[in-house]
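All values below come from the heavy atoms of this structure, side chains included, with hydrogens, waters and symmetry mates left out. Predicted, not measured: the structure shown is a model, and the values here were computed from it.
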Amino acid sequence: MQNATPSGIEHNTVLRWLPDEVHLYLKHTEKGASIRALARDMGVHASTVMRQVRKTEARRDDPLVDSLLTRLGEGVRDGQADLEAIEATLETIEDDPVSPHMLRLLRAMMKDKAVMVVSQGVDTAVVLAANEGGDPVALAKGPTEVVEVMALRGWIDGSTKGRICRYHMTSEGRVALNRMLAQMESRATGFVKAQVGLTDLHKGAKSANSSKGARSKRPIGADSPVRVLGRAKGRQQPYLAPDLVNAAERLHRDFALGKFALSGTATWDRVQAAIQTPAPSGHPSDRKLDARKRFSDAIGALGPELAQIAMAVCCHERGMERVEADMSMPARSGKYMLRVALSYLARHYGKVSGDDHDLIY
């Protein structure tokens, strides 16, 4: 396979797992696209693209990240990796050849004192943990290319001594694993179609002002916009506090379980009509009816002014720049309005008794 990595995984398959800033970085560094041209295509300011390119360049201090970007850069120059061909999406994460390795490695790293060991020049990474006698035991093995993706996504972090790299799982890695396991559970319960369609795991965040009309796809396994805003950056506190992130995810769960037929730009009148419409099933379960009732109460607490942005970001997982463009908001004002909406939402949920939102369906 000419366009494959040493492990047989195609370059384009790897690209689907990488965030948008990596695609921009490769277009800028390998295809020669200017910062301003990329910004025009995305409908954002040039400084936004510049920050994303610099962020990716800074990640090359990690040898795994540097190896991955170097190999993908060669693939882009040789025509083996097509940055425009990754628009074709997979039906689910489980259909992707990377995901079995990813799930196996992340699950193994959840074990106590587990560490991933990668040797330079070796195509296989190993997750090790000490047994009762203190001897190392191999918990899982996987292609180094998959581990490189995990390092670039920030799911693992570690240090290098000589030719040996040792990595531990980060909090972002635990979040990513939980999202993958949640989708697998949804498939097992027959809920996968609504789950995949509503979370838009594969949809990108291009602005509605894009002159080409087609929107890029969010890479498989990417964090939601709310999760991104809820992450701490260095010593800075996260923009969204944990209680606001929990409120957003609770709204998303009720929206998905209730199977509402609402787009990301639905008006207040259409939202009210959808809430009053019976569940789209001949015999809706109590679980679905309860979710629709909780969602209706939450939207009512937000009101027409804040419900639209909360639904666009929390339920449909649209990027902030795209939401600002769709709602004709000033640049960089969407994050503040979202935080206000989630504050109202968290206060509403604080008054609601019961812990049914913590159940795994």
Side-chain angles (χ1 to χ4, degrees), residues 175 178-179 182-183 186 191-206 208 215 217-218 221-230 240 243-277 279-281 284 287-327 329 334-335 337-349 352 356-361:
V175 171
N178 290 335
R179 289 171 66 86
Q183 190 185 44
S186 297
F191 181 56
V192 65
K193 291 184 178 180
Q195 179 76 1
V196 174
L198 292 172
T199 55
D200 286 338
L201 283 173
H202 313 301
K203 289 187 177 180
K206 269 193 177 180
R215 303 187 189 275
K217 307 297 181 181
R218 176 174 295 151
D223 285 340
S224 66
V226 171
R227 279 286 182 182
V228 173
L229 293 175
L240 296 180
D243 61 325
L244 302 187
V245 175
N246 292 336
E249 294 184 340
R250 183 172 178 179
L251 183 71
H252 177 272
R253 285 196 296 270
D254 288 338
F255 177 83
L257 286 170
K259 297 185 179 181
F260 290 95
L262 287 169
S263 67
T265 57
T267 63
W268 178 251
D269 292 338
R270 296 193 63 179
V271 172
Q272 292 297 304
I275 289 175
Q276 297 172 6
T277 301
S281 175
R287 177 182 306 163
K288 184 185 301 181
L289 294 176
D290 291 343
R292 294 177 71 88
K293 176 63 167 58
R294 293 193 300 268
F295 182 81
S296 174
D297 294 341
I299 290 299
L302 288 175
E305 294 80 9
L306 299 175
Q308 186 174 7
I309 188 171
M311 288 181 55
V313 180
C314 304
C315 301
H316 294 276
E317 296 191 344
R318 294 181 176 227
M320 293 311 309
E321 291 180 344
R322 180 179 172 186
V323 171
E324 291 169 354
D326 290 343
M327 300 180 63
M329 300 174 64
K335 292 195 302 182
M337 293 302 299
L338 176 65
R339 186 162 65 178
V340 172
L342 294 182
S343 297
Y344 275 79
L345 195 60
R347 188 156 52 244
H348 163 72
Y349 284 138
V352 178
D356 53 334
H357 60 282
D358 291 326
L359 297 178
I360 298 178
Y361 293 126

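The CG atom of L345 lies 15.5 Å from the CZ atom of R339; values are rounded to the nearest 0.5 Å. Once rounded to the nearest 0.5 Å, the distance linking CZ of R294 with CZ of R250 reads 7.0 Å. The distance from the CG atom of L342 to the NE2 atom of H348 is 13.0 Å, given to the nearest 0.5 Å. The CZ atom of R318 lies 13.5 Å from the CD atom of E324; values are rounded to the nearest 0.5 Å. Of the inter-residue distances, the one linking L302 atom CG with C314 atom SG reads 8.5 Å to the nearest 0.5 angstrom. Atom NE2 in H252 sits 9.0 Å away from atom NE2 in H316 (nearest 0.5 Å).
Between L244 and A346, the closest heavy-atom pair is CD2-CB, 4.0 Å. Taking every heavy atom of both residues into account, A341 and A310 meet most closely at CB-CB, 4.4 Å. Considering every non-hydrogen atom in both Y344 and A301, the closest pair reads CD2-O, 4.5 Å.
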*Under the side chain to side chain contact (heavy atoms under 4.5 Å, CB included) rule, what do Y349 and L251 come out as? Steps first, then yes or no, please.*
CA-CA 10 Å; Y349 284 138; L251 183 71; 3.8 Å; yes

*Dump the intermediate steps for side chain to side chain contact (heavy atoms under 4.5 Å, CB included) on I309 and M329, then the final yes or no.*
CA-CA 11 Å; I309 188 171; M329 300 174 64; 4.2 Å; yes

